[in-house]
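Contents: one structure, followed by commentary.
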Amino acid sequence: MYTILVLEDNVELNQTITYALKKEGYHIFSAHSCKEAEKFTENESFHLTILDVNLPDGDGFQFCKWLKAKKQVPVLFVSNQKVTRSKYL
């Protein structure tokens, strides 16, 4: 069974992602903050990590950097932040 860490502070989005992945048979560790996710990484290994960009106690990019220094795990970034297209042009 594949294990996935979901780090998303938006409760509704976290629950939706977690529910969908569990329904497909994945084992999920769900966290709402970097600190909570760090505790999971102490004793667990993951096949994939899904990270929010903006978190209450840091950001997903910094957490990714911290995680990659400790473990080899693919990362998928998600965000429910509204971004205007001109910001990237």
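Any value given below was found using the heavy atoms of this structure, including those in side chains, with hydrogens, waters and symmetry copies removed.
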**OP:** Could you check if a side-chain atom of Leu51 sits within less than 4.5 angstrom of a side-chain atom of Leu76, using non-hydrogen atoms only?
**Re:** no

Subject >> Residue pair Val78 / Glu8, side-chain heavy-atom distance below 4.5 Å >> reply: yes

Original post:
What's the shortest heavy-atom distance between Pro74 and His47, and which atoms?
Top reply: CD-O, 3.2 Å

Original post:
Residues in side-chain hydrogen bond (donor to acceptor under 3.5 Å, both in side chains) with Thr41, at least two apart?
Top reply: none

Original post:
Does atom NZ of Lys39 have more than 12 heavy-atom neighbours from other groups under 6.0 Å away?
Top reply: no

**OP:** Report the distance from atom CG of Asp57 to atom CD of Gln62, rounding to the nearest 0.5 Å.
**Re:** 12.0 Å

**OP:** Would you confirm whether Asp52, through its side chain, and Leu55, through its main-chain N or O, come within 3.5 Å as a donor-acceptor pair?
**Re:** no

**OP:** For residues Val75 and Cys64, report the shortest heavy-atom separation together with the two atoms involved.
**Re:** CG2-SG, 3.9 Å

Subject >> Sub-4.5 Å side-chain heavy-atom contact between Ile50 and Ile17 >> reply: yes

Original post:
Are Leu67 and Val73 close enough that some pair of their side-chain heavy atoms sits under 4.5 Å apart?
Top reply: yes

Original post:
Does OH belonging to Tyr2 count more than 12 external heavy atoms closer than 6.0 Å?
Top reply: no

Original post:
Taking atom CD1 of Ile4 and atom NZ of Lys22, what is their separation to the nearest 0.5 Å?
Top reply: 11.5 Å

**OP:** Say whether Leu48 and Phe61 are linked into one hydrophobic cluster, either directly or through other cluster members, by side-chain heavy-atom distances under 4.5 angstrom.
**Re:** no

Original post:
Roughly how far, to the nearest 0.5 Å, is CD of Glu44 from NZ of Lys71?
Top reply: 8.0 Å

Original post:
So Phe63 and Leu7, side chain to side chain contact (heavy atoms under 4.5 Å, CB included) or not? Walk me through it.
Top reply: CA-CA 10 Å; Phe63 183 83; Leu7 173 52; 3.8 Å; yes

Donor-acceptor pairs are to be reported for all side-chain atoms of residues 27-38 against protein atoms at under 3.5 Å, with residues two or more places apart or in another chain.
{"from": "Ser30", "atom 1": "OG", "to": "Asn14", "atom 2": "OD1", "distance (Å)": "2.5"}
{"from": "Ser30", "atom 1": "OG", "to": "Asn14", "atom 2": "ND2", "distance (Å)": "3.2"}
{"from": "Ser33", "atom 1": "OG", "to": "Glu36", "atom 2": "N", "distance (Å)": "3.1"}
{"from": "Glu36", "atom 1": "OE1", "to": "His32", "atom 2": "N", "distance (Å)": "2.8"}

Original post:
Ring centres of Phe46 and Phe40 under 6.0 Å apart?
Top reply: no

